[in-house]
There are 2 protein chains.
Amino acid sequence: MSLEKNADGGAARPVPARVEDVRRGNLVRVLAAIAQARTDPQRHPTRADVASLTGLTKASVSSLVAELADSGLVMESGATRDGERGRPGVGLKLSTNRGVVGMEINVDYISAGLLDLGGTLRADKTLECGNRGRSPESVMALLAGLVSEVASDAAAAGIEILGGGLAVPGLVETASGTVSSAPNLQWHNVALGLGGLLPDAPLGTALYNEANCAALAELWYGHGLDFRDYLFVSGEVGVGGGLVIGSRLFAGPHGQAGEVGHVVVDPSGPDCSCGGRGCLETFAGQEAIFAEAGIPAGTASARLEQLEERLGAGNTAATSAVARAGRYLGIAAASTARLMDLSAVVLGGHFTRMGPWIAPAVVRGLAEYAPGLVSPGRVAVSELGQSAALLGAAGSALRSVLAAPYSLAPAG
Amino acid sequence: MSLEKNADGGAARPVPARVEDVRRGNLVRVLAAIAQARTDPQRHPTRADVASLTGLTKASVSSLVAELADSGLVMESGATRDGERGRPGVGLKLSTNRGVVGMEINVDYISAGLLDLGGTLRADKTLECGNRGRSPESVMALLAGLVSEVASDAAAAGIEILGGGLAVPGLVETASGTVSSAPNLQWHNVALGLGGLLPDAPLGTALYNEANCAALAELWYGHGLDFRDYLFVSGEVGVGGGLVIGSRLFAGPHGQAGEVGHVVVDPSGPDCSCGGRGCLETFAGQEAIFAEAGIPAGTASARLEQLEERLGAGNTAATSAVARAGRYLGIAAASTARLMDLSAVVLGGHFTRMGPWIAPAVVRGLAEYAPGLVSPGRVAVSELGQSAALLGAAGSALRSVLAAPYSLAPAG
DNA sequence: GCATATAGTTCAGATTGAAAACTAATTCAT
DNA sequence: ATGAATTAGTTTTCAATCTGAACTATATGC
């Protein structure tokens with residue numbers, strides 16, 4: 001569900017199943033059934049609906065819903081009037097006075113947002129600041145300030161914060177809250193003080209990889225509604241990625257899967273910052289595209305602006321630079337699709353802004369190197385903006401609440 | 001555990017957890033605890049051991065073990081004498097009078113073997129026959145003959161057959177028992193009549209991909225004891241593969257993951273039979289290696305023999321052909337390791353016979369294209385012989401028994 | 001107003017594992 | 001030998017939980 005490792009392995013864990021575990025499982029099921037309908041705002045399910053959705057009896061559902069309501073996760077939303085005969089049911093929805101905080105640290109900005117359990121973004125704050133080379137302590141202090149603003153907004157709106165998720169552009173160890181390596185921030189093996197961000201949230205704050213968060217945001221709020229399995233490729237300073245398999249993130253055994261930026265696409269290609277050669281990033285990273293397109297040095301956003309302008313004007317150097325990047329993206333996607341049995345590709349990050357020029361090149365690359373595997377209609381461009389990673393981090397936190405409702409105190 | 005898809009996706013399964021499901025889960029746990037020690041033949045665990053292994057109470061374990069014994073899956077193996085004080089416990093082991101049948105269809109032979117639940121191969125029959133282009137019906141008839149021989153051996157030894165697994169060299173749909181595409185057999189979209197093979201086995205026969213089976217055999221009987229996560233690359237006529245993540249096979253959303261033979265390792269490489277270009281198979285497939293080494297046409301096994309001879313004699317064309325294949329294997333492994341966060345590679349199939357010459361080249365390729373990701377000690381050569389796929393298919397069937405013990409009738 | 005239909009609650013019954021008391025079988029010290 | 005100590009396994013009681021059936025509550029429609 002969230003960004004946890006999904007490769008468990010161990011057969012006989014030392015924890016046996018007890019009778020109480022049945023209830024835990026059913027609390028999750030009931031919550032999932034109520035959450036499922038949260039996109040359809042008017043028709044909240046009744047207890048009877050939940051019973052037929054889950055296969056539980058009405059009696060059990062009543063008892064389970066009562067417990068979820070006690071812990072503040074679920075609330076009634078007034079009687080449903082359906083014009084049918086019989087006693088009308090009472091609609092159930094995820095509580096709008098509980099929420100989670102999504103956070104993002106990126107090279108040029110930090111941001112924090114408040115998502116209520118219903119999935120509505122209730123607050124959203126961004127602070128532009130150059131973080132490259134800035135000390136982790138200093139960045140975390142700025143972020144803590146932003147978060148406390150969000151927290152007071154939440155308090156003012158009567159929303160209790162249950163947990164949070166932080167996305168950073170680099171390899172992370174989710175379990176220990178450590179950034180192993182974030183080249184663009186120049187951070188290496190940094191243990192972030194996550195405990196300080198949301199001291200009162202019962203579930204604390206989890207650390208995630210930015211590209212993985214963006215891939216999940218795409219799953220929950222973007223093309224994931226169409227695709228269950230896809231490679232998400234995020235163009236940032238480098239090229240990040242996320243693998244979604246069966247509507248779940250594939251994080252790999254150490255949570256560091258999806259590094260499509262370092263798939264080798266040409267064994268005689270240029271040296272890469274990772275120490276290898278011919279990685280996708282050396283062809284489709286920002287620097288490579290700008291250089292190939294002849295865009296002079298400057299800030300990333302200015303250069304991107306300029307590229308977009310030239311693309312629009314039909315400048316040959318620009319279009320062929322982007323087409324070349326797209327072709328190599330197609331090659332990397334072809335290898336990935338073969339390896340992992342994937343059938344769709346979603347382009348995000350700065351690739352979104354090159355969408356009309358880069359997507360056709362990706363389709364051509366795929367057709368040349370893995371014909372028949374990914375149909376043209378299954379190469380999509382993300383429509384989520386800069387907030388994708390934030391949404392993904394918040395969504396992950398939200399889902400970890402929904403996956404473990406029993407860990408919350410009954411009084412809330 | 002077995003070859004099922006491990007990407008499940010749906011959070012709320014339609015079947016609710018009932019109190020009885022707790023017992024099902026604990027039956028599996030107890031069985032796993034008993035199975036865990038099956039490699040250590042003398043020291044079978046007692047009920048008390050199982051209790052401490054699983055965290056269940058002795059009372060519960062007694063009851064669960066009684067049920068497993070009733071259904072014939074577990075048997076007592078006499079009192080353990082440990083020289084310690086106190087009442088000696090009674091050793092428990094998986095029943096040796098229940099078993100599963102592993103089967104393999106390959107280009108040059110078919111085979112069938114009987115594995116008892118303890119993991120011992122009790123019978124093993126192979127029939128050399130050229131299957132390329134032979135009709136599926138005809139091959140299945142031959143296989144059925146072989147299986148019935150194995151079945152009568154089993155009956156003679158008092159072994160009841162619970163289920164079976166069949167490995168074929170091609171893409172399969174496990175759920176429907178269909179071979180989507182097996183180029184080397186020239187089979188396409190063939191529904192094999194699996195039901196006829198073991199008509200009396202309660203769990204029937206499942207269909208698996210050969211390279212995946214070999215990867216699992218490696219997991220259970222080979223280097224899997226050292227590595228929890230690895231890419232298995234199987235050299236056959238083509239180049240097949242299997243991905244093991246967290247000691248489980250990663251089969252992908254449609255059960256067709258692991259096709260490392262068609263990872264693009266050189267975008268300007270030769271055309272591939274898959275319709276793409278520069279696939280690993282065009283550099284490391286049998287034909288490519290033989291051609292590069294200057295081995296004249298002939299049967300696959302004769303040419304392989306010849307290659308091995310020349311390698312041993314230090315023939316330059318042969319060693320450099322194999323080194324080239326190894327280098328490209330290293331490139332494909334580098335991309336795979338980055339994408340899926342893997343840290344080991346196991347070479348199998350005919351690569352085993354080139355082991356001393358090809359493994360160092362793979363290590364060099366990895367060091368060049370993904371430095372630091374896979375240490376040299378984690379590039380291994382399989383030591384399982386031709387029976388790897390058979391063992392994997394049987395092991396998968398065995399594990400599907402152990403994963404669903406409650407589906408067997410109590411009387412056995 | 002009353003039959004009908006649907007929502008939700010209450011209560012007895014069954015399944016299951018935990019905990020504790022109990023029986024069984026063995027070693028060790030005297 | 002004999003009894004204390006120790007460990008294995010069983011029996012009994014109890015609490016948690018779901019199911020199913022009976023019941024209450026609230027609506028529609030004739």
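All chains are named by letter (A, B, ...) in the order of the sequence lines, taking the proteins before the strands, and each is independently numbered beginning at 1.
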Give the first and the last nucleotide of DNA chain C, reading 5' to 3', that has any atom under 4.0 Å from a heavy atom of chain A.
->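 Using the under 4.0 Å cut-off, the span is C/dT4 to C/dA18.
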Quick one: does [X]'s side chain have a donor or acceptor within less than 3.5 Å of a partner on [Y]'s backbone?
X: A/S396; Y: A/G392; result: yes
X: A/S71; Y: A/L408; result: no
X: B/T54; Y: B/V50; result: yes
X: B/R122; Y: B/G113; result: no

[atom1]-[atom2] distance between [X] and [Y], expressed to the nearest 0.5 angstrom:
X: B/L402; Y: B/L31; atom1: CG; atom2: CG; result: 5.0 Å
X: B/R18; Y: A/N26; atom1: CZ; atom2: CG; result: 10.5 Å
X: B/L398; Y: B/R98; atom1: CG; atom2: CZ; result: 13.5 Å
X: A/Q36; Y: A/L94; atom1: CD; atom2: CG; result: 11.5 Å

What contact category does [X] fall into here, base, sugar-phosphate, or nothing, at under 4.0 angstrom with non-hydrogen atoms?
X: B/V19; value: base
X: B/A59; value: base
X: A/S60; value: base
X: A/V90; value: sugar-phosphate

Looking at B/R23 and B/E67, does any basic side-chain N land under 4.0 Å from a carboxylate oxygen?
-> yes
Below 4.0 Å: OP1/OP2 of D/dC18 and any side-chain N or O of A/N26 =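 So the side chain of A/N26 is within the cut-off, an N or O lying under 4.0 Å from OP1 or OP2 of D/dC18.
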OP1, OP2 of D/dC18 versus side-chain N and O of A/R23: anything below 4.0 Å?
-> yes
5' precedence on DNA chain D between A/T57 and B/G89 (nearest-nucleotide basis) |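 First, find each residue's nearest nucleotide; the 5'-ward one identifies B/G89.
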What one-letter contact string describes nucleotides 22-30 of chain D from 5' to 3', where B marks a base within less than 4.0 Å of any protein heavy atom, S marks contact via sugar-phosphate atoms alone, and - marks no contact?
-> ---BBBBS-
With DNA chain C as reference, determine whether A/R18 or A/D49 sits nearer its 5' end, using the nearest nucleotide of each.
-> A/D49
